[in-house]
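Notes follow the structure.
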Amino acid sequence: MSAYGTKQTISVLEKDTGKRADVVLAAALDMSRSAVQQLLEAGAVTKEGVPVSKSMRAEAGDTFTVYLPPVQDCEVLPEAIPLDIVYEDDDLIVVNKPQGMVVHPAPGHPNGTLVSALLYHAGDSLSDINGIIRPGIVHRIDRDTSGLIVAAKNNAAHLSLAAQLEDHSMYRVYSAILRGRIDDGGTVDAPIGRHPTDRKKMAVLREGGRRAVTHYTPVRALVGHTLCRLRLETGRTHQIRVHMASIGHPVLGDPVYGGGPTPFEKKHPALFCGQCLHAEELSFVHPKTGQRVTFHCDPPENFMRIAALLEQG
């Protein structure tokens with residue numbers, strides 16, 4: 001197994017008895033079934049030293065040993081992409097990311113990323129803790145969500161910001177237009193994990209998910225919708241979108257969790273280039289000065305236009 005970089009051991013739980021091995025491993029490793037099947041076909045998954053077939057049924061108490069290939073970082077090239085810089089100093093840079101921009105390279109999105117733009121702007125002055133594919137990246141926001149994101153320009157700043165994310169002392173506040181009427185604020189405290197059947201989506205999972213907490217407050221009633229302010233206590237993938245959809249108020253314009261376009265979306269398609277979700281406020285303790293700093297940026301023009309039209313009815 002010298003071609004493989006790391007080894008993981010997966011123990012089968014009682015609830016997974018009778019499931020196919022590839023299904024159990026995909027959920028445990030947070031990988032697609034096709035990727036797990038490739039490992040199985042390569043003989044990289046064993047049970048008591050014997051290679052496992054993808055059709056094998058798991059039993060409670062089984063232990064699978066998985067040999068994972070080493071991660072291959074791709075080359076990320078600087079690109080002269082304009083940045084809306086809200087703040088910058090020797091330690092960090094805060095950017096207002098537009099809708100449609102991917103934060104770091106991923107399959108299907110090798111170019112035009114925030115990382116490429118940061119490399120062009122800052123050169124080698126970015127932290128390298130997350131490797132060459134995510135230099136400076138401490139946290140991220142979805143491609144079709146706009147708003148504030150902070151990148152670290154050295155490793156000390158990166159470690160400080162990452163610790164604040166971990167202990168929830170970094171405050172991230174979003175504005176969103178949600179479907180339906182919301183009269184009172186509240187909190188969604190529901191674990192989130194990979195969707196059990198659609199690996200491209202996340203879902204609220206009562207078992208196996210990671211704790212996720214979103215606080216929401218209605219700001220203004222719109223016709224058939226509500227403008228809300230949402231604060232993340234945790235930062236799971238697609239958290240706001242999943243949580244709000246789970247309580248019957250998906251984010252307007254969300255093609256994944258919204259359940260299909262609304263009549264308003266069909267009437268005004270030119271206004272939508274993603275979900276109506278904007279990272280409006282970002283607050284953290286500056287890694288060098290020790291002082292709390294807070295940054296704010298208004299939602300993009302199309303978001304404001306949608307809100308105005310919905311207010312008029």
Side-chain angles (χ1 to χ4, degrees), residues 6 30 71 73-74 76 78-79 81-98 101-106 113-143 145-175 187 189 191-192 202 210-215 229-240 243 277-298:
T6 60
D30 196 16
V71 176
D73 279 338
C74 66
V76 185
E79 296 180 62
I81 302 170
L83 287 172
D84 182 0
I85 298 173
V86 177
Y87 175 83
E88 182 177 14
D89 61 24
D90 292 339
D91 297 287
L92 55 89
I93 178 170
V94 178
V95 174
N96 179 19
K97 185 191 81 67
M101 175 181 274
V102 176
V103 171
H104 56 72
T113 66
L114 178 62
V115 163
S116 293
L118 287 171
L119 285 171
Y120 185 87
H121 174 79
D124 295 331
S125 298
L126 293 170
S127 68
D128 60 9
I129 287 176
N130 278 343
I132 64 172
I133 201 170
R134 299 179 180 89
I137 300 302
V138 179
H139 66 113
R140 67 182 186 88
I141 53 180
D142 298 336
R143 178 186 65 183
T145 297
S146 58
L148 296 172
I149 184 169
V150 59
K153 297 176 75 174
N154 55 64
N155 288 353
H158 191 127
L159 291 170
S160 172
L161 294 169
Q164 293 180 61
L165 272 175
E166 185 67 24
D167 67 15
H168 313 311
S169 60
M170 178 183 288
Y171 301 135
R172 289 165 293 164
V173 177
Y174 287 70
S175 284
T187 296
D189 186 343
I192 289 176
M202 308 300 288
R210 301 176 66 191
R211 185 167 188 255
V213 181
T214 304
H215 307 281
R229 175 182 173 93
L230 305 105
R231 182 173 67 82
L232 290 179
E233 187 171 315
T234 56
R236 309 304 176 206
T237 301
H238 299 176
Q239 179 174 314
I240 289 175
H243 270 173
L277 183 61
H278 175 72
E280 186 171 88
E281 187 175 303
L282 182 63
S283 179
F284 52 85
V285 174
H286 192 283
K288 181 170 288 184
T289 67
Q291 299 297 310
R292 177 163 290 278
V293 291
T294 300
F295 304 98
H296 180 277
C297 67
D298 292 330

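Residue numbers count from 1 along this sequence. Atoms considered below: every heavy atom in the structure, side chains included; atoms not considered: hydrogens, waters and symmetry mates.
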Side chain Lys153, main chain Asp89, donor-acceptor under 3.5 Å: yes
Within the structure provided, determine whether Tyr171 and Leu282 are in side-chain contact (heavy-atom separation under 4.5 Å). no
Validation row: Ile85, His121 side chains within 4.5 angstrom (heavy atoms): yes
With a 4.5 Å limit on heavy-atom distance, are the side chains of Thr237 and Ile192 in contact? no
Determine yes or no for a side-chain-to-main-chain donor-acceptor pair under 3.5 angstrom, with His286 supplying the side chain and Gln291 the backbone. no
Donor-acceptor pair, side chain of Glu233 and main chain of His215, under 3.5 angstrom: no
Mind checking whether Ile81 and Tyr120 have side chains closer than 4.5 Å, heavy atoms only? no
Are the side chain of Asp91 and the backbone N or O of Asn154 linked by a donor-acceptor pair below 3.5 Å? no
Are the side chain of Gln239 and the backbone N or O of Val213 linked by a donor-acceptor pair below 3.5 Å? yes
Check against side chain to side chain donor-acceptor pair (under 3.5 Å), Asp189 and Thr187: CA-CA 6 Å; Asp189 186 343; Thr187 296; over 6 Å; no
Whether the side chain of His158 engages the backbone of Asp128 through a donor-acceptor N/O pair (distance < 3.5 Å, no angle test) should be reported. no
I would like to know whether Ser175 and His278 meet side chain to side chain donor-acceptor pair (under 3.5 Å); could you show each step before the answer? CA-CA 5 Å; Ser175 284; His278 175 72; over 6 Å; no
Would you check if the side chain of Lys97 reaches a backbone N or O of Asp142 as a donor-acceptor pair within less than 3.5 Å? yes
